[in-house]
Amino acid sequence: MGLQAIQYVRGRLKLLDQRRLPLEETWLSIESVEAAWSAIKDMVVRGAPAIAIAAALALAAELIASGSGRQFSSADAAAQHIKKQLDYLVTSRPTAVNLSDAAQKLSLIATKAAEGPKADASSVVLTVVDKCEVMLKEDVQANKAIGQHGLKGIRKALQARNQLKDKIQILTHCNTGSLATAEYGTALGVVRATAEAGSLQRAYCTETRPYNQGARLTAYELMHDGLPATLICDSAAAALMAQGKVDAIVVGADRVAANGDTANKIGTYSLAVLAKHHNIPFFVAAPTTTLDPNLPAGSDITIEHRPGSEVTHFQGKQVAPDSIDVWNPCFDVTPATLIEGVITERGLLPNRDGAFDVPAFMQDQGLLDETTQQGEANGMNGHATPGIQSTIPGFQALDIQTVKDYLAERDELAAHLGPKDTKSSWQVQEVGDGNINFVYIVKGPKGALCLKQGLPFVRIAQDWPLTQDRVRYEADALRQQHSLCPEHVPALYHFDAQNALIVMQYLPPPHVILRRAIVQGAIYPKLAGHIAHFLAHTLFKTSLIALSTSEYRLLAERFRNGDMCRLTEQVIFTDPYHAAPVNSHTNPHLDELVHSLRSDTQAKLAASSLKAKFIERSQALLHGDMHTGSLMVTQDTTYAIDAEFAVYGPIAFDVGKFMANLLLAFFALDGHSTAADTRSKQRGWLYQAVVDVWQMFQTEFLQLWDQHSHEGDAYPAALFGGSVKQGQQAHQAAQQAFMAEVFVDALKFGGAVMIRRIVGIAHVDDFRDIKDDNIRAVVEERALRFGRRLLLEQFDTISDVVRQAEKQRHDGKKPLFEFSASSADRIGSHSVATAVEP
């Protein structure tokens with residue numbers, strides 16, 4: 001039997017840990033989809049075809065081991081679970097089109113299986129599992145076909161150059177063999193086919209820095225098969241070609257665009273340029289699942305970045321200076337003009353006049369199935385970007401034109417706007433200014449609606465896939481929180497799972513996004529009371545203090561929201577503390593502080609502890625993204641919107657996140673102030689608002705506790721009731737301990753949020769709108785340093801917090817606009833005499 005990296009029998013999957021090769025052969029049991037996600041992300045398994053097969057088989061193994069369908073209540077429930085797990089797996093390696101292709105096909109299979117007249121959960125599961133297993137067999141067959149087509153293509157190219165000879169010398173890059181596929185390999189499969197035909201003189205493999213896949217894996221495979229082989233440094237390739245020791249170059253691919261541009265391991269582009277100079281045919285070998293007809297060109301391909309430590313360290317030992325910045329892309333893109341041909345299991349896709357026609361080739365081969373065509377439709381409509389298609393069958397990305405059609409087709413929604421024959425006069429505006437979704441305001445003669453759609457990516461990083469199931473969680477959260485606090489949550493009118501959208505109450509002017517209004521100088525005296533009321537009611541009434549254990553468990557299960565939680569866990573608790581590729585900061589001004597943070601052991605430990613608490617402490621239904629950009633306000637009203645991050649989690653998270661955003665605005669204010677307008681009154685309002693939010697939340701939460709003291713199962717009357725001996729003392733002690741823990745944790749969560757907003761992804765307008773880099777850096781540094789203090793230090797009272805925040809401003813740097821903290825204490829956020837609107 002040839003070399004294998006995947007061992008599978010129904011219900012069980014093992015992967016060869018390629019990180020330990022060639023010195024150690026270790027097999028890891030993959031017992032869940034989550035374990036497979038980590039294995040792909042951590043490069044236990046690698047290579048686009050192998051990643052897809054491993055992901056599919058991990059899903060199959062989990063489905064069988066968990067009950068073969070018995071774990072689901074219905075066929076639809078099984079299909080929805082399968083699609084959700086596939087969406088999650090795709091996020092482990094977004095560049096690998098094989099993975100997204102497999103996920104789309106399996107999702108469609110699950111959907112169709114669930115629609116069958118006699119479908120049940122078991123039949124859906126077994127249908128999907130069967131297809132996963134077929135994928136394994138088909139991959140091996142495809143690889144051997146690639147080998148044969150590749151040998152034929154090389155001979156033809158050499159003959160055209162008058163260079164054909166009996167024995168061929170082939171150079172390859174990275175690892176594309178049995179360790180990167182189910183078995184045999186793609187580019188290395190061409191080498192194997194050449195050897196089997198007796199035509200291989202020598203195979204050369206590059207070391208493939210910085211992860212050394214060539215040295216560790218390809219060299220291992222070549223030696224395993226007993227083939228004549230030589231390992232070279234990446235930088236030696238040009239010299240090798242100049243000496244006439246390379247007849248052809250064959251590499252693999254992670255994605256091939258419609259014009260033939262190809263993404264592959266970093267260094268591939270260099271080899272293609274060198275091949276062109278030395279008149280050496282340069283081939284890409286990849287299965288047709290790697291071809292992406294919906295991606296126009298290489299410029300649309302997402303390039304992942306790996307940790308800088310892969311470059312600065314070798315075998316765990318540091319080999320570069322601490323302070324050096326590292327640029328470590330996983331892949332590069334080779335232009336189609338440099339590629340002789342793309343070798344697939346269906347034959348050779350030739351280069352015609354410097355380009356390829358991938359869609360035409362796939363059409364000729366009958367490969368543009370309904371999944372691919374549906375993806376094309378998604379990519380052509382609205383805002384869907386090439387290369388990332390929805391996995392929801394029938395999904396339509398709306399735009400300014402089609403939004404009107406959608407609403408007019410639904411009588412209950414059109415009734416809010418006016419008669420259908422007035423549709424041409426309806427006005428549509430896309431107003432989404434957040435980081436995630438698209439938001440449309442539609443106005444008709446009778447009224448207006450707000451429609452919000454979630455596409456399969458992050459709006460501000462469209463190469464970052466994101467589950468569309470988040471819209472379902474938002475719809476559910478709106479219903480739940482509106483029922484608990486209708487005065488501060490807009491009404492939900494419609495939820496469409498297939499199109500991942502909601503339609504809800506339109507909040508007319510003068511409603512504005514709070515963050516935007518604060519930047520422009522507004523003060524909202526009633527804000528603190530509104531937010532305290534919203535937080536107290538939504539958090540208390542969904543906690544075990546108010547609910548029975550059965551009610552609590554049902555709600556907690558409904559709001560697991562794993563995909564969005566993983567995003568929160570990454571961007572708040574992980575990415576800010578290392579050189580994540582999505583991070584950004586004001587540079588070079590904050591470089592020293594950012595480098596210090598990345599080596600700050602105390603901060604890393606504190607953030608990791610908070611991450612564990614966020615995951616493990618499921619106390620109540622959180623809004624999940626409680627910041628000034630998720631609130632619409634007037635002088636008399638406040639509404640919480642954008643609840644797609646809703647999840648059961650620690651009460652302190654929502655409270656701390658909002659207070660942190662008020663503090664961010666407080667620190668940013670110096671960057672918006674001038675000598676003519678020092679914004680002293682607004683600064684005093686923000687200062688006191690932090691205090692009032694906490695104090696009013698605590699007061700109202702405890703009042704609710706007293707009013708419903710023993711309705712829930714957390715503190716039963718048998719232990720804490722007034723008729724029990726010392727029951728009242730126990731009740732008060734429980735409240736005191738509970739609120740003390742929430743206070744401490746809220747400050748720490750708040751500190752982590754402040755740090756993330758300055759050095760991570762998705763900065764806030766409070767700082768971003770400060771045009772002068774020098775001024776912005778000063779106020780950001782103050783906020784960043786105070787965020788770290790909140791994360792690590794202890795504060796006795798909320799008044800102590802704001803006093804220390806004011807002291808943090810006095811760092812000897814400009815700008816600094818004075819105001820009296822003592823006078824701010826007298827202002828009070830709920831007693832400001834004059835309101836200032838933007």
Side-chain angles (χ1 to χ4, degrees), residues 76-77 79-91 94 100 103-104 107-108 110-111 114 294 371 374-407 409-410 413 428 430-432 434-442 449-479 490 492-504 558-567 624-625 641-647:
D76 185 62
Q80 290 301 319
H81 174 82
I82 288 167
K83 288 186 282 186
K84 183 177 179 181
Q85 294 294 74
L86 288 165
D87 282 347
Y88 170 51
L89 283 164
V90 168
T91 66
S100 59
Q104 286 184 16
S107 292
L108 187 60
T111 299
N294 301 322
T371 305
Q374 179 63 50
E376 288 177 329
N378 293 341
M380 294 292 288
N381 194 358
H383 298 274
T385 55
I388 303 180
Q389 289 82 42
S390 174
T391 57
I392 303 176
F395 171 80
Q396 179 189 16
L398 301 182
D399 58 24
I400 285 177
Q401 298 302 319
T402 54
V403 160
K404 290 196 290 186
D405 297 332
Y406 181 89
L407 295 172
E409 291 167 0
R410 291 157 176 82
L413 298 178
V428 183
E430 205 286 308
V431 298
N435 301 318
I436 303 293
N437 302 301
F438 291 86
V439 182
Y440 301 92
I441 301 300
V442 185
L449 290 171
C450 176
L451 184 149
K452 179 176 179 180
Q453 186 171 40
L455 272 66
F457 50 73
V458 177
R459 177 174 178 150
I460 62 167
Q462 296 188 5
D463 54 356
W464 188 335
L466 194 62
T467 174
Q468 291 177 283
D469 200 37
R470 66 187 188 272
V471 181
R472 176 177 66 82
Y473 284 106
E474 180 170 7
D476 207 359
L478 279 171
R479 289 193 198 97
L492 177 72
Y493 298 141
H494 177 71
F495 166 55
D496 181 345
Q498 183 180 58
N499 288 302
L501 65 80
I502 57 176
V503 182
M504 58 186 170
R558 267 172 55 192
F559 288 97
R560 294 177 64 186
N561 207 355
D563 294 303
M564 299 303 283
C565 282
R566 278 185 281 270
L567 181 58
D625 203 22
I641 59 173
D642 297 343
E644 62 263 59
F645 285 86
V647 67

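Hydrogens, waters and symmetry mates play no part in the numbers below; they use all other heavy atoms, side chains included. Remember, predicted model here, so these are calculated numbers, not experimental data.
When each of Arg560, Arg558, Arg470 is checked for a salt bridge (Lys or Arg N to Asp or Glu O under 4.0 Å) with Asp476, only Arg558 meets the rule.
Distance check: Phe395 CZ to Gln498 CD gives 9.5 Å after rounding to the nearest 0.5 Å. For the atom pair Glu474 CD and Met564 CE, the distance stands at 9.0 Å (nearest 0.5 Å). Atom CG of Leu478 and atom CD of Glu644 lie 9.5 Å apart (nearest 0.5 Å). Atom NE2 of His494 and atom CG of Leu451 lie 8.0 Å apart (nearest 0.5 Å). For the atom pair CG of Leu89 and CD of Gln85, the computed distance is 7.0 Å after rounding to the nearest 0.5 Å. Taking CG of Leu455 as the start and CG of Leu398 as the end, the distance is 8.5 Å to the nearest 0.5 Å.
Taking all atoms of both residues into account, the shortest heavy-atom contact from Gly454 to Gln468 is O-NE2, 3.0 Å. Residues Ala110 and Ala79 share a closest heavy-atom pair of O-CB, 3.7 Å. Heavy atoms only, all atoms of each residue included: Ser107 and Leu86 are closest at OG-CD1, 3.4 Å. Across all their heavy atoms, Phe495 and Leu501 have their closest contact at CD1-O, 3.5 Å. Closest approach of Val90 to Ser100, counting heavy atoms only: CG2-CA, 4.0 Å. Counting all heavy atoms, side chain and backbone alike, Val439 lies closest to Cys450 at CG1-SG, 3.6 Å.
Residues Asp469 and Lys83 are not paired through a salt bridge, judged by the lack of any N-O separation under 4.0 Å between the basic side chain and the carboxylate. Remark: Asp563 engages Arg566 in a salt bridge, criterion side-chain N to carboxylate O under 4.0 Å.
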Could you walk me through whether Tyr473 and Val647 pass the side chain to side chain contact (heavy atoms under 4.5 Å, CB included) test, one step at a time?
CA-CA 8 Å; Tyr473 284 106; Val647 67; over 6 Å; no
Step by step, work out the side-chain hydrogen bond (donor to acceptor under 3.5 Å, both in side chains) result for Thr402 and Asp399.
CA-CA 5 Å; Thr402 54; Asp399 58 24; 3.0 Å; yes
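Judged by distance alone, with hydrogens and angles left aside, the side-chain atoms of Gln453 form no donor-acceptor pair with the main-chain N or O of Val471 at under 3.5 Å.
With sequence neighbours left out, Val428 forms a side chain to side chain contact (heavy atoms under 4.5 Å, CB included) with Ile400, Val403, Lys404, Tyr440, Val442.
A donor atom on one side chain and an acceptor atom on the other are found under 3.5 Å apart for Tyr406 and Asp496.
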